[in-house]
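One structure below.
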Amino acid sequence: MLDRKKLVSDSETYLKGLARRGDYAAEVAKPLFDIESRWKELKSEVDGLRHRQKQMGPQMGRLAKDGEEFAKLRKEMGEVSGRVKAAEEQIRSLEEQRRDVLLRIPNLPHESVPDGLSEEDNKEVDRWGEPRHPVFKMQAHWELGESLGIIDFESAARMSGSRFAVLKGAGARLERALIQFMLDLHTQEHGYVEVWPPYLVRRHAMEGTGQLPNLEEDAYRTAGDDPYFLIPTAEVPLVNLHREEILDKDQLPIKYVAYTPCFRAEAGSHGKDVRGLMRQHQFSKVELVKIVEPEGSYDELESLRRNAEEVLRRLEIPYRVMLLSAGDMGFSATKTYDLEAWVPAQDRYREISSCSNCGDFQARRAQIRYRQAKGDNRFCHTLNGSGLAVGRTMIGLLENFQQADGSVILPDAIRPYMGGLSKLG
RNA sequence: GGAGAGAUGGCCGAGUUGGUCGAAGGCGCCUGACUCGAAAUCAGGUGUACCGCUUGCGGUACCGGGGGUUCGAAUCCCUCUCUCUCCGCCA
């Protein structure tokens, strides 16, 4: 959520910034200005009337209840009360409308973010490792996984439909090994606190991080009037850990890491990545979240990104770093780096991690503040990044380390987590 | 699932015959006095959000959330959520 007061007082700058995401973004914000001015007018009227009510209260208490003066005052104050109620109803309605608009306005892109509306406009900022080009017929990971007997898409489809996978034997162990490896790295070497959060959350938690109200069709939820939402990423529970809190300055920065399964309906991606582990309704992810002071939050983004990159380096998977263009970023982000791992069978890089600074956008939605000085409470900045998506990491391992005979050599870093196993198949 | 109790400011805790209660008192914290300094003591201050003029001041809202009764509600009524205790069940 953007700062309503600034949005109104400096609307030109804000609308211009929003338009960098596409014309729609500025359009969404437009109704706000009229709502805000009507709201202010009513608000000051009601404040005045209530002031009068408050003044008269004690006086009426002192008067004789059967006196003439009391009857007169009661009549007058009854009228005031009626007007207050009517105006307050209008105020409530305006505030609801205002909130609806504000919740649907995306975050403002940071100045360092390149212009552009699509993937094509993203800028490569770094690259690591040598992409492996095949001297033999390279197999896609789903072929490898099935021939090695470690991934079973068919059984998964029979019980759950498309976009599910069953991991078996060394495959299941590898999933667990990768999670363990990532958690150990981030907790022991990067200073994150490990968290085991709920996988089901209430609507307001999803609104807090910006998944709702806009992306409702992509979220799974339970039945009933007061549904739970299945988290699409651990970012949701991790950021909401401090909702409605005023933190002490010396508590910051807060750094959390959590492994969770993630659930996504993948509405609107029909036909994309229909095979393999690339795009699943349920997948594992180790997520990094930081809650920090506004000063230096972009430096924190750089280090967060490095923390995620380190996983790929240890696993010896070639990758590149993309700085996303304004129009390609997610709803809540001011600036996003995608890490893209090399996928030999597709002969291209594919997203394996997305690291964003959300500025105070989520903090304002979730009411996460910190005490800067006495009487000066400010919203924190929140950051998040995958460290990493486990399924996609498995793709990276299987495909990049496959051998001509269909076996897969495991990189050194993961072997201790596989009980010393050095090779699949 | 059944029965009961509760939810007040950073914390503890008053307030429930409706009126001067944003709310006693204590603790914590900040400032000043005393002191060489500290402790103790004394005095003052100490929530969040919004509106208006604006170095400061004035106003409004908020006593778990929402709704209602009333000229007026922390105080009465309804409802929801959460917490605790006991019983049952379950992992």
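Lettering of chains follows the sequences in order, A, B, ..., and the numbering in each one begins at 1.
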Go nucleotide by nucleotide along RNA chain B from the 5' end; which of A:W39 and A:R74 gets its closest nucleotide reached first? A:W39
Between A:V46 and A:L73, name the one whose nearest nucleotide on RNA chain B is closer to the 5' end. A:V46
Using a cut-off of 4.0 Å on non-hydrogen atoms, how would the nucleic acid contact of [X] be classed: base, sugar-phosphate, or nothing?
X      : result
A:R369 : sugar-phosphate
A:K54  : sugar-phosphate
A:K5   : sugar-phosphate
A:G57  : base
A:K40  : sugar-phosphate

As a test of reading the structure: which of [options] is closest to the side chain of [X], going by heavy atoms?
X     : options             : result
A:M60 : B:G19, B:C50, B:G72 : B:G19
A:K43 : B:C51, B:G22, B:U69 : B:C51
A:D47 : B:A61, B:U48, B:G59 : B:G59

Please give, in whole Å, the distance from [N] [atom2] to [X] [atom1]?
X      : N     : atom1 : atom2 : answer
A:E45  : B:C51 : CD    : P     : 17 Å
A:E36  : B:C50 : CD    : P     : 11 Å
A:L42  : B:G52 : CG    : P     : 13 Å
A:E244 : B:A49 : CD    : P     : 13 Å
A:R38  : B:C51 : CZ    : P     : 17 Å
A:Q53  : B:G18 : CD    : P     : 19 Å
A:K249 : B:C29 : NZ    : P     : 21 Å
A:L49  : B:C51 : CG    : P     : 18 Å

With a 4.0 Å cut-off on N to O distance, would you call A:E45 and A:R83 a salt bridge?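 Yes.
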Is the shortest side-chain N to carboxylate O distance from A:E36 to A:K5 below 4.0 Å? no
Please confirm whether the shortest side-chain N or O distance from [X] to OP1 or OP2 of [N] is below 4.0 Å.
X      : N     : value
A:R202 : B:C80 : no
A:S81  : B:G72 : yes
A:R92  : B:G66 : no
A:R50  : B:G59 : no
A:H51  : B:G59 : no
A:R4   : B:C51 : yes

Identity of whatever pairs with [N] - Watson-Crick or G-U, under 3.5 angstrom:
N     : result
B:C42 : B:G32
B:A24 : none
B:G52 : B:C57
B:A91 : none
B:G37 : none
B:G9  : none
B:A73 : none
B:C84 : B:G4

Is the closest side-chain heavy-atom distance between A:H381 and A:E293 below 4.5 Å?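 SC-SC contact between A:H381 and A:E293 ruled out.
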Beyond-backbone contact of A:S354 with A:T336, side-chain heavy atoms, under 4.5 angstrom: yes
Measuring only the [atom1] atom in each nucleotide, how far is [N] from [M]? A whole number of Å is fine.
N     : M     : atom1 : result
B:G44 : B:U55 : C1'   : 22 Å
B:G19 : B:A33 : C1'   : 40 Å
B:G32 : B:C57 : C1'   : 23 Å
B:G66 : B:C84 : P     : 23 Å
B:G10 : B:G65 : P     : 13 Å
B:U20 : B:G15 : C1'   : 15 Å
B:G58 : B:C63 : C1'   : 24 Å
B:U60 : B:G6  : P     : 33 Å

Interatomic spacing from CG in A:D360 to CZ in A:R365 - rounded to 0.5 Å: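 With rounding to 0.5 Å, CG (A:D360) is 11.5 Å from CZ (A:R365).
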Within the 3.5 Å criterion, strictly below it, is a donor on A:K290 or A:T382 matched to an acceptor on the partner's side chain? no
Aromatic ring centroids of A:Y256 and A:H242 under 6.0 Å?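 For A:Y256 and A:H242, the ring centres are under 6.0 Å apart.
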Please confirm whether A:F263 and A:H281 have ring centers closer than 6.0 angstrom. no
